[in-house]
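Fair warning: this is a prediction, and the values are worked out from it, not measured in the lab.
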Amino acid sequence: MSIALSQPRRLVALMAVCAAVFTASCSRETVRRPQADVGMSLSAPGEEEQSYGFLPPVENPVTAGQNIYAQSSAEMACRLRLKRLGVVFTELPPIDDGGSCRVDNPILVSGFAGGAIDFKPAAKLNCAVTEAFARWVKGDLVPATRFRYFSGVNTIYNAGGYSCRTMNHRRGARMSEHSRGNAIDVTRIVLNNGTQVKVHKPGLFSFRERGLLNRVRAEACDYFTTVLGPGYNYAHRDHFHFDLMHRRNGYRACR
């Protein structure tokens, strides 16, 4: 009788042990899988790469959207200053027409003061002379027109920037700073009230016009190493010539 009873008990016990083992196995599986699923759901795209240092490239906010050619840190810093001054410009490919007719990092300048002042025609220049000109416009030209004409500047007309030529177009003469994109010739200034101020030698009774031209011409010597205009010679009878010619002794030609 005891043997008959022990066999069912052993069978029941064995079935209980198997059920317990099966339940434990299933429990571990159900616990492990949700953890894996949760991990997948919390992972953002690219998170694994970032955790190992494989960060995606970050676009430089200074050069974003620009067509940047090979530039030194000094050229990049100059362009940042132009932006702060409100110069309107676009990048150009390097200019190399042989000899000294070369501009490594030219720009096409079309406006100043954030576009409030047009520069016509748009001129090919280097960054340094553009910055000097922008500072002159902001610091001297605009205040002078407001003082004498009670009006700001609308348009500055020029005779071009870069040009592969000699000084005064004379054969055999020294190459002009224009051949380096390092010079600007201003021929006429139009104010917001419609007044046109031509760069020439004013008449005897043109007091206001003479006062403006004399003032901005004199003050330009604080920004440029060369300032030439009407009265200097016949070639400059109808425009201001501004450039940043480098002279070893630091001499400035303001005539």
Q) Do Arg79 and Asn105 pass the side chain to side chain contact (heavy atoms under 4.5 Å, CB included) test, and can you show the C-alpha distance, the side-chain angles, and the key distance before you say yes or no? A) CA-CA 11 Å; Arg79 281 156 171 73; Asn105 298 113; 3.5 Å; yes
Between Leu213 and Phe240, is the side chain to side chain contact (heavy atoms under 4.5 Å, CB included) condition met? List the steps. CA-CA 9 Å; Leu213 294 176; Phe240 286 142; 4.0 Å; yes
_Show, in sequence, the C-alpha distance, side-chain angles and deciding distance for Arg252 and Thr226, and conclude whether the side chain to side chain contact (heavy atoms under 4.5 Å, CB included) test is met._
CA-CA 6 Å; Arg252 290 175 180 257; Thr226 306; over 6 Å; no
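Residues Val103 and Ile184 are members of separate hydrophobic clusters, defined by side-chain heavy-atom contacts under 4.5 angstrom among Ile, Leu, Val, Met, Phe, Trp and Tyr. Val129 and Leu228 fall into different hydrophobic clusters, where Ile, Leu, Val, Met, Phe, Trp and Tyr are joined by side-chain heavy atoms under 4.5 Å apart, directly or via other members. Val142 and Leu85 fall within the same hydrophobic cluster, defined by Ile, Leu, Val, Met, Phe, Trp and Tyr side-chain heavy atoms under 4.5 Å apart, directly or through other members. Using a 4.5 Å cut-off between side-chain heavy atoms of Ile, Leu, Val, Met, Phe, Trp and Tyr, with links allowed through other members, Val88 and Leu82 fall into different hydrophobic clusters. In the hydrophobic clustering of ILVMFWY residues, with side-chain heavy atoms under 4.5 Å counting as a link, Val186 and Met245 come out apart.
In this structure, CD1 on Ile189 lies 11.5 Å from OG1 on Thr195, to the nearest 0.5 angstrom. The SG atom of Cys164 lies 10.5 Å from the CZ atom of Arg180; values are rounded to the nearest 0.5 Å. Atom CZ in Arg174 sits 7.0 Å away from atom CE in Met167 (nearest 0.5 Å). Interatomic distance, Arg135 CZ to Leu141 CG, rounded to the nearest 0.5 Å: 15.5 Å. Annotation: the span from Glu75 atom CD to Ile107 atom CD1 amounts to 8.5 Å, rounded to 0.5 Å. With values rounded to the nearest 0.5 angstrom, Tyr223 atom OH is found 10.0 Å from Lys138 atom NZ.
Closest approach of Leu125 to Gly161, counting heavy atoms only: CD2-CA, 3.6 Å. Minimum interatomic distance between Met175 and Arg165 (heavy atoms only, all atoms of both residues): CE-O, 3.2 Å. Considering every non-hydrogen atom in both Ala128 and Cys78, the closest pair reads N-SG, 4.0 Å. The nearest pair of heavy atoms linking Asp185 to His178 is OD2-NE2, 3.1 Å. Val216 and Ala144 get closest at one heavy-atom pair: CG1-CB, 3.8 Å.
By the 6.0 Å and 45° rule, Arg255 does not stack over the aromatic ring of Tyr232. Cation-pi geometry between Arg247 and Tyr251 is not met at under 6.0 angstrom from the ring centre and within 45 degrees of the axis.
Between the side chain of Ser151 and the backbone N or O of Asn192 there is at least one donor-acceptor pair closer than 3.5 Å. No donor-acceptor pair under 3.5 Å is formed between the side chain of Ser176 and the backbone N or O of Ser179. Put simply, the side chain of Trp136 never gets that close to the backbone of Glu131: no donor and acceptor are under 3.5 Å apart.
You'll find the side chain of Val199 reaches within 4.5 Å of the side chain of Pro230, heavy atoms only. In this structure the side chain of Val190 reaches within 4.5 angstrom of the side chain of Tyr157, judged on heavy atoms. Looking only at side-chain heavy atoms (C-beta outward), Leu212 and Thr145 come within less than 4.5 Å of each other. A heavy-atom distance below 4.5 Å is not found between the side chains of Phe89 and Cys127. Residues Ile117 and Val137 are in side-chain contact: their nearest non-hydrogen atoms beyond the backbone lie under 4.5 Å apart.
Here the two rings, on His236 and His200, have centers that are 6.0 Å apart or farther.
Asn158 and His239 are not linked by any side-chain donor-acceptor pair at a separation below 3.5 angstrom, with hydrogens and angles left out of the test. A donor and an acceptor atom, one from each side chain of Asn182 and Asn126, are located under 3.5 Å apart.
Residues in residues 205-232 take part in these salt bridge (charged side-chain N to carboxylate O under 4.0 Å, His left out) pairs, two or more places apart or across chains: Arg215-Glu219.
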Donor-acceptor pairs under 3.5 angstrom involving side-chain atoms of residues 92-100: please list them, not counting sequence neighbours.
from: Asp96; atom 1: OD1; to: Gly98; atom 2: N; distance (Å): 3.2
from: Asp97; atom 1: OD2; to: Tyr162; atom 2: OH; distance (Å): 2.5

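Under the rule for a ring-ring contact (aromatic ring centres under 6.0 Å, His included), the partners of Phe119 that lie at least two apart in sequence or sit in another chain are Phe112, Phe133.
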